[in-house]
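Atoms considered below: every heavy atom in the structure, side chains included; atoms not considered: hydrogens, waters and symmetry mates.
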Amino acid sequence: MDKYCPGKIEKKWQDNWESNGVYTTNEDDTREKYYVLEMFPYPSGNLHMGHVRNYSIGDVIARFKTMQGFNVLHPMGFDAFGMPAENAAIKHGVKPSDWTYSNMDNMIRQQKQIGLSYDWNRLVQTCNPDYYRWTQYLFEIFYKKGLAYKKKATVNWCDSCKTVLANEQVIDGCCWRCDSPVIKKDLEQWFLKITDYADVLLKDLKKLPNWPTRVKTMQENWIGRSEGAEITFTVPNFKENITVYTTRPDTAFGISYMVLAVEHPLVEKLIKNSINKEQIHKFIEHVHNQSELERTSDKLEKEGIFTGAYAINPFNGEKVPIWIANYVLFEYGTGAVMGVPAHDSRDWMFAGKYNLKKKIVITNEDKSLCLEKMSDAYTDDGILINSGEFTGMNNRQAIPAIIDWLEKNKCGKRRINYRLRDWLISRQRYWGAPIPVIYCEKCGTVLVPEKDLPVKLPEDVKFEPGVVSPLAHSSDFVNCTCPKCGGPAKRETDTMDTFICSSWYYMRFADAKNTTAPFDKNIVNKWLPVDQYIGGIEHAILHLLYSRFFTKVLKDAGLVNFDEPFTNLLTQGMVIKDGSKMSKSLGNVVSPEEIISKYGADTARLFILFAAPPERDLEWSDQGVEGAWRFLNRIWRIVLHYENMVKDNPAINTAILNNKEKDLRRIVHTTIKKVTEDIAVRSNFNTAISSIMELVNAFYSIREEKIQPGLINETINSLLLLLAPFAPHITEELWQRIGRPGSIHKAIWPKYDEKALAADELEIVVQINGKVRDKMTIVAQTDPNEIKKQAQTLNRIQKLIQGKNIIKTIYVPKKIVNIVIR
């Protein structure tokens with residue numbers, strides 16, 4: 001018997017698949033389509049185990065669906081623009097394009113080593129002019145629809161990287177790339193009006209039942225829709241008004257101070273004659289050096305300073321001191337908030353710190369609330385007191401009446417507000433898609449004509465530390481002719497945020513070679529939306545939200561017929577080692593190439609899919625890798641043990657099976673059912689592999705028995721077919737060894753025989769603390785301890801017991817499993 005040598009057989013089959021175009025997707029209308037996609041990577045140069053996990057999950061689904069008879073689209077590409085390439089150019093004296101394409105070539109080589117079933121004919125690289133030509137084309141669609149505009153804005157600026165940073169790229173006040181302090185800077189910037197789609201982006205989350213609840217909640221919170229009122233406060237000494245947005249107009253009689261953002265345009269006017277003007281300016285400078293994320297963090301120490309000015313509360317005419325503070329942002333709401341210390345915990349702390357007045361206007365049912373006994377704000381509902389004509393009303397019921405009063409007295413109005421801000425897309429860097437805009441003194445802002453796209457990045461730019469943008473210093477790029485009047489003009493030198501490129505790439509995969517449009521409408525409508533999308537939870541907000549926004553705009557523009565890009569979403573957990581995420585800085589990185597070189601790609605795939613459910617973090621284990629390697633060796637040995645017996649593909653005769661043979665066949669078909677449902681319904685690859693392992697154990701237990709050749713044949717066929725999506729190379733090799741025609745990955749997925757299961761299955765109710773939470777089907781002969789273990793692996797049960805202590809597990813034979821927790 002040959003020894004299992006993965007290095008030899010894996011290269012053999014990878015070459016075979018590529019030369020025979022096994023994974024090329026055809027426009028086959030006779031089969032139902034299935035589009036599976038993993039989020040494409042940034043070409044950093046080397047794959048890490050997080051990549052391997054992400055791609056292996058997608059590959060299992062793609063192979064499984066192909067074997068089920070679907071016409072599967074499974075492409076791959078690279079999110080290839082971005083700062084690291086430009087930083088490498090500065091550091092090493094290379095062109096960003098050379099660095100990027102070299103990295104992409106290396107990563108493609110590594111992806112092929114893993115045995116991934118990608119259709120490489122559809123490769124998309126966002127830095128290729130053939131791609132970013134259409135990114136620019138789509139920008140022009142946004143512009144024509146009034147969804148792209150330029151305005152001056154205060155931005156996060158990294159003086160080391162010489163670029164604008166999104167809020168999410170500022171970590172603890174420093175740049176996410178170089179760790180340099182981030183400052184605030186006023187620049188003319190391009191924005192996309194995502195706020196125009198805030199309502200529909202929120203509402204349409206209901207169209208995504210197969211997205212994780214956690215992801216949808218994160219998007220809901222990011223969009224941040226709220227219903228409330230705008231209240232206008234007069235500032236009589238300055239003949240100005242200040243508008244505050246609040247969701248709690250019922251607390252307006254309890255306002256004891258007002259806070260403005262330091263960026264509010266009234267601040268300079270209010271402090272003009274203040275005796276503390278110098279101190280106030282120092283405070284403003286201090287706040288400007290805090291990032292937006294810091295200023296909105298719950299952990300931030302709330303700091304403020306009095307301006308010396310007062311506003312008038314329209315409800316009771318009281319004078320309200322006007323402060324400025326670090327926790328209020330001008331971009332959010334109106335840039336002004338009202339302070340109600342008795343009914344808001346943040347305001348309570350701020351008022352306590354600066355000795356500001358507190359006034360109760362909502363009390364509990366027995367009206368026993370008093371400031372002397374309060375250690376924090378009263379935030380529950382109750383009865384209004386000290387609230388003029390609204391006194392005595394339930395506070396929630398009073399809200400519409402209070403807003404009516406505001407509108408009647410012309411000092412406020414109803415309003416719906418959003419936390420979501422417009423998307424700042426300008427980047428002062430070279431390595432990105434140029435914004436296709438020309439500035440002409442005569443004609444103003446002019447789009448580059450479609451026939452002149454793409455606006456290509458020049459190759460001969462110089463990368464010098466301290467230069468804001470190489471494009472801005474390239475006269476050949478900047479100087480141009482106005483397409484309207486033919487006069488001298490200047491190009492826009494900002495490039496687009498790389499999130500723009502990744503917001504539509506999944507559409508380009510459907511028609512990747514199109515040279516006349518981003519994609520053919522009929523083709524993209526055939527393949528889209530993506531049936532299964534896979535990626536990290538870190539992309540739950542921005543990438544997914546921007547992709548949804550793009551899809552809705554393109555639908556409104558008539559380019560596509562669907563309004564959501566991804567039907568099913570799976571967010572896999574991280575790969576961690578020694579308790580921390582794998583990181584070069586921590587020295588705990590395991591190289592995929594090292595594992596593949598020693599054990600083979602199938603072992604790496606099998607371990608990473610078996611070690612944890614896909615949505616959970618995976619703890620790396622060298623012993624676990626060894627275990628996966630040993631398991632594949634067991635399969636190799638037992639299949640080849642029966643190689644000659646099954647080469648003629650003998651048929652099974654179920655009429656003459658003895659009890660031992662019936663037991664084996666029951667396990668075979670139970671495994672087929674379990675693996676099929678684990679992949680198709682639950683995405684529980686770890687439990688699917690566990691079932692295959694149990695089948696192998698059962699197979700080994702009869703190795704010395706005289707078993708009907710037809711049953712051995714059925715067992716081996718089923719075993720290899722079930723394992724094929726997880727370990728594609730060894731199964732392909734063994735499939736050939738036992739004389740089966742064609743590729744195993746084009747074979748038909750096995751179906752279980754109900755008759756083999758029916759007599760020996762029971763339905764067991766699963767309870768937690770005596771309450772029914774789920775049900776499961778088991779084989780009647782299953783060991784009671786195994787039944788208890790199986791109950792705890794159910795998806796719903798796992799969620800309910802997570803983080804809880806299991807006191808005991810009770811099994812009532814053939815009826816109930818009750819898990820007692822606390």
Pick out which of Phe685, Trp629, Trp620, Phe631 makes a ring-ring contact (aromatic ring centres under 6.0 Å, His included) with Phe607.
Trp620
Is the closest basic N to carboxylate O distance between Lys33 and Asp531 below 4.0 Å?
yes
What verdict does the side-chain hydrogen bond (donor to acceptor under 3.5 Å, both in side chains) test give for Arg634 and Tyr4, after you've listed the backbone C-alpha separation in whole Å, the side-chain angles of each residue and the deciding distance to 0.1 Å?
CA-CA 10 Å; Arg634 293 189 80 206; Tyr4 172 47; over 6 Å; no
Please tell me whether Phe550 and Tyr546 form a close aromatic pair, meaning their ring centres lie under 6.0 Å apart.
no
Residues in side chain to side chain contact (heavy atoms under 4.5 Å, CB included) with Pro212, at least two apart?
Val215, Leu569, Thr571
Does anything in residues 88-101 form a salt bridge (charged side-chain N to carboxylate O under 4.0 Å, His left out)? List the pairs, not counting sequence neighbours.
Lys95-Glu459
Donor-acceptor contacts, no H, no angles, side chain residues 719-733, under 3.5 Å, sequence neighbours left out:
from	atom 1	to	atom 2	distance (Å)
His729	ND1	Asp602	OD1	2.8
His729	NE2	Gln14	NE2	3.0
Thr731	OG1	Ala727	O	2.7
Thr731	OG1	Pro728	O	3.2
Glu732	OE1	Ser743	OG	3.4
Glu732	OE1	Ile744	N	2.7
Glu732	OE2	Trp17	NE1	2.8
Glu732	OE2	Ser743	OG	2.6
Glu733	OE1	Lys12	NZ	2.9
Glu733	OE1	Trp13	NE1	2.7
Glu733	OE2	Arg737	NE	3.1

Quick test of your reading: applying salt bridge (charged side-chain N to carboxylate O under 4.0 Å, His left out), list the pairs with at least one residue in residues 682-697, sequence neighbours left out, ordered by first then second residue.
Glu677-Arg682, Asp678-Arg682
Verdict with reasoning, Tyr599 to Glu626, per side-chain hydrogen bond (donor to acceptor under 3.5 Å, both in side chains):
CA-CA 8 Å; Tyr599 297 104; Glu626 288 276 358; 2.6 Å; yes
Contacts of type side chain to side chain contact (heavy atoms under 4.5 Å, CB included), residue Asn106, not counting sequence neighbours
Asn46, Arg109, Gln110
N-O pairing of Asp617 and Lys581 below 4.0 Å
no
Tell me, please, which residues at least two apart from Trp99 pass ring-ring contact (aromatic ring centres under 6.0 Å, His included).
none
